[in-house]
Amino acid sequence: MIRVVLIDDEMNALDVLEMQLSNYCTGISIVEKCAGGEKGIAAIQQHQPDLIFLDIEMPGKNGFDVLSETRGLTYDVVFTTAYDQFAVKAFKYAALDYLLKPIDILELQAAVQKARAKKGSAGIEDKINILFQQFSQLQPPLTKRIALPVGDAMQLFAPDDIIRCESDSNYTNIFLAGGKKILLAKTLKEIEETLSGLSFFRVHQSHLVNMNHISKVVKGEGSYLTMSDGAVIPVSRNKKEAFMELLRRV
């Protein structure tokens, strides 16, 4: 029996993955579902699982933080990610398993089978070290210009020109310096992943903000931010602790 911990900041993603594993994969025991990296670290330390399914982009402690803070423990890892470009190269180079969201059942079954075959084998830490190295080499160019789909074209933006992003159902409004606003046919989650590794934080289910454009933070029961464009953005209760911790490091 493979003992598994699931780690993702979105409960819906956790529930779907749990259902897929329970219904389509045999020999699996899900010992804990963790909403976020902080809980994931604690679960790995407590249960010492054979396998973890790990999202990369999470507020507060991301996937790399989870790996860094549980080094020395022996487990296999399958990344669950919406990345489909540069990160995939890093996974392949490090010979680590990954599943692109939405997760395909056959690919999930294959990943579980590989984990079963590798159970108890050494070498995962070396692979993770290679992955960190690959990301450090691949990410810097993305911090200079961001390509976003505007209409039928890809438009390039300097990250600091983006003040904030606001969800509009399956679309996202991007608010730019200078008062310009564009509407993208992408969910806020997809935009968040595109801007990962930069100075953006999702303070609310509907709002992703550029930390460099925050002009005021109001704490208390109804926490909110004032942005450089004058917008007032609420901070949700479940994001408040991670946001305040990040703010202390800025």
Side-chain angles (χ1 to χ4, degrees), residues 6-21 23 33-37 53-60 62-63 79-88 98-108 142 145-211 213-214 224-225 227 229-240 242-243:
L6 313 181
I7 307 170
D8 199 304
D9 64 308
E10 293 194 349
M11 282 306 303
N12 181 59
L14 286 171
D15 292 341
V16 169
L17 182 54
E18 180 185 37
M19 178 274 294
Q20 291 176 319
L21 287 167
N23 292 345
K33 292 191 305 181
C34 305
F53 286 85
L54 179 63
D55 189 20
I56 297 175
E57 267 312 304
M58 297 180 288
N62 63 26
F79 292 95
T80 57
T81 176
Y83 284 114
D84 59 359
Q85 296 175 2
F86 74 97
V88 168
Y98 63 93
L99 296 170
L100 295 178
K101 296 177 182 178
I103 294 172
D104 178 82
I105 296 298
L106 293 178
E107 292 179 358
L108 176 62
L142 298 183
R145 303 280 280 180
I146 296 295
L148 295 174
V150 180
D152 296 327
M154 297 296 290
Q155 190 169 335
L156 295 174
F157 297 92
D160 208 46
D161 285 344
I162 301 173
I163 297 174
R164 58 190 179 91
C165 309
E166 182 176 345
S167 175
D168 184 2
S169 187
N170 289 326
Y171 295 81
T172 300
N173 284 301
I174 308 292
F175 294 83
L176 302 169
K180 186 177 180 181
K181 180 178 79 170
I182 58 175
L183 180 65
L184 303 185
K186 292 280 187 180
T187 64
L188 187 58
K189 175 67 173 175
E190 291 173 304
I191 299 300
E192 181 182 13
E193 287 165 347
T194 299
L195 296 172
S196 67
L198 304 176
S199 55
F200 291 83
F201 187 84
R202 190 153 176 186
V203 295
H204 186 277
Q205 182 178 358
S206 300
H207 298 281
L208 177 71
V209 301
N210 188 336
M211 299 289 290
H213 280 281
I214 297 173
Y224 64 89
L225 315 173
M227 304 300 295
D229 63 349
V232 175
I233 307 296
V235 179
S236 65
R237 280 182 293 179
N238 64 326
K239 300 285 188 178
K240 182 178 177 180
F243 171 71

With Asp168 via side chain to side chain donor-acceptor pair (under 3.5 Å) - residues at least two apart: none

For residues Ile233 and Ile214, determine if any side-chain heavy atom of one lies less than 4.5 Å from a side-chain heavy atom of the other. no

Output the distance between atom CG (Asn23) and atom CD1 (Ile105), rounded to the nearest 0.5 Å. 8.0 Å

Student check: side-chain heavy atoms of Asp55 and Thr80 closer than 4.5 Å: yes

Nearest heavy-atom pair of Pro149 and Lys186: which atoms, and what distance? CG-CE, 3.7 Å

With sequence neighbours left out, what residues match Asn173 under side chain to side chain donor-acceptor pair (under 3.5 Å)? none

Quick one: pull up CE in Met211 and CG in Asp160 and give me the separation to the nearest 0.5 Å. 12.5 Å

Would you list the atom pairs, donor with acceptor, under 3.5 Å between side chains in residues 10-19 and any protein atom, with sequence neighbours excluded?
| unit_1 | atom_1 | unit_2 | atom_2 | d |
| --- | --- | --- | --- | --- |
| Asp15 | OD1 | Lys33 | NZ | 2.7 |
| Glu18 | OE1 | Lys33 | NZ | 3.0 |

Arg202 with Asp9: basic N within carboxylate O range, under 4.0 Å: no

Shortest non-hydrogen contact between Thr172 and Cys165, atoms and distance: CG2-CB, 3.9 Å

Heavy-atom count around Gln205 CD within 6.0 Å, excluding the residue itself: above 12? no

Under the side-chain contact (heavy atoms from CB on, under 4.5 Å) rule, collect the residues that match up with Ile182, sequence neighbours excluded. Val150, Phe157, Ile174, Lys180, Leu184

Quick one: are Arg164 and Leu225 in side-chain contact, heavy atoms under 4.5 Å? no

Could you tell me which non-hydrogen atom of Val203 sits nearest to which non-hydrogen atom of Pro234, and how far apart they are? CG2-O, 3.6 Å

So do Glu192 and Thr187 actually touch side chain to side chain, heavy atoms under 4.5 Å? no

ring-ring contact (aromatic ring centres under 6.0 Å, His included) partners of residues 160-204, not counting sequence neighbours, each pair once: Phe201-Phe243, His204-His207

CG/Asp161 to CG/Leu156 distance, rounded to the nearest 0.5 angstrom? 11.5 Å

Heavy atoms of Pro159 and Asn210 approach each other most closely as O-ND2, 3.4 Å

With rounding to the nearest 0.5 angstrom, report the CG to CG distance, Asn62 to Leu54. 8.5 Å

Would a distance-only check, ignoring hydrogens and angles, find a side-chain to backbone donor-acceptor pair under 3.5 Å from Gln20 to Ile103? yes

Which pairs with one or both residues in residues 231-240 pass side chain to side chain donor-acceptor pair (under 3.5 Å), sequence neighbours excluded? Ser223-Lys240, Ser236-Asn238

With heavy-atom distances below 4.5 Å as the criterion, would you say the side chains of Ile162 and Leu176 are in contact? yes

